[in-house]
Amino acid sequence: MTVERYPHLKAEDPEVYELIQKQAQMECSTLKMIASESYASFDVLEACGSIFTNKYAEGYPGARYYEGNEFADALENLAIERGKALFGCEHMNVQPYSGSPANAAVYRALLSPGDKIMGVPVSDGGHLTHGWKVSFSGKDYLQIPYRPNQETGRLDMAEVRKIAQAEQPKMIWVGMSAYPFKLDYAAFAEIAEEVGAYLVADIAHINALIIAGVHPDPVPYCDVVTSTAHKMLRGPRAGFIMSKVEDRFHEKYHPTSKWNLAQLVDRGVFPTMQGGPHLHAIAGMACAFKYAQTAEFKEYGAQIVKNAQALCAELEALGRPIAGGGTETHLFLLDFRKDEFTGKDAAQALSKCGIIANFNMVPGDTRPPAKTSGVRLGTAALTSAGMKEEDMKKVAGWIDEVCKHIVSNDVDAVAPRIRGEIAEFCSGFKFPGITE
Ligand code: DSN
């Protein structure tokens, strides 16, 4: 049962209230397998809906451009202290409105328009803001692409080094939206050092795995680390940036600047990219950082990977190929290159049956990006609801069944039954922020 909330909204704006209720109902009766989604807890949702939404606080704690910020200062400092303790970083900025604004601030802080950066193209699992052509990051900066090997699906660090040495980028982005393997930050750091590039990790997809200790930690190796606070961290729709304090390329790239790296990052966020911080989101972030320090959260982080690996194994046993042959993270790509149907066909059929995912390019894909040969599946949300390895057997069974019905062209006929089975299955779990 979804928890009855929002009495004022229900009375004042029943249309919005109804849509929220319908979304809540959908989120607890379907399998949420979009790899970048999870469930924010009640406390995070309450903090995000708090009166901190009213307040302007341009600037940073102790140096604001508006009065009346005693509690805003305390709140932002609390979020920063919790975040620094969680990740063990030297400096943290919690003001970015989300992941893309956080990344934009890093570009503006450290680079000049036209500078060369290295990043993975979106078509190969990278993020828009790592230099993709339609994003500001590809329009204002020159992306030198590096990509996972088309056969193995894995990054080849010798190849990354070769490209970096030939191109001498000023910044290397590491972190992807559709890469199922562990990232070798130590190897990236060596390469960045050799070519004199800033190394920036975007850990939006994998922050909980890092906290749980089941994925390497970029903080010791990178100049800057960016992240979202939602996705598997289960905080608010917001972003944050971690950095070292000293700018190791001060002489090389910013000889006349009076700012260190931490100050450059802060200035990149405000005033360069943003105005007033979203204090209500910072309140939610403080709550998420507190919960992420618990043993329960670390268990969740480790369970996400166990579930993804169990699901992969079940699907492979059912004859469904996985790009790269498996996963070491929270996600993997079902590979439909040999099938008649596309990734988009599969994502739409799965959605009709109550399995919510997205179509995605796979390594070596020959279909266009609007169709693709893959579906990206993630286990963070299912793990938040308490699902374990044995539950992945059922999930794999439904995915396989839907794929068979795409071939027999009768998805619409079976969708109500499968949707009903999934809703019944979901009723046995507790969905944070929705059910109790
Ligand atoms: N849009 C997110 C994803 O789905 O991976 C990345 O920001």
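Treat the numbers as computed from the prediction; the structure is a model and nothing was measured. In listed order, ligands and their atoms are each counted from 1.
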**OP:** Determine, using ring centers only, whether F359 and F336 are less than 6.0 Å apart.
**Re:** no
Subject >> Ring centre gap for Y179 and F181 strictly below 6.0 Å >> reply: yes
**OP:** Run through ligand 1 for me and note each protein residue having a heavy atom under 4.0 Å from it, chain first, then residue number.
**Re:** S36, H127, S177, H205, K231, R376
**OP:** Tell me whether the centres of the aromatic rings in Y198 and W173 are closer together than 6.0 Å.
**Re:** no
Original post:
Is any side-chain N of the basic residue among K170 and D115 closer than 4.0 Å to the acidic one's carboxylate O?
Top reply: yes
Subject >> Note: D365-R367 ion pair, threshold 4.0 Å (strictly below) >> reply: no
Original post:
Is R108 salt-bridged to D140, cutoff N-O under 4.0 Å?
Top reply: yes
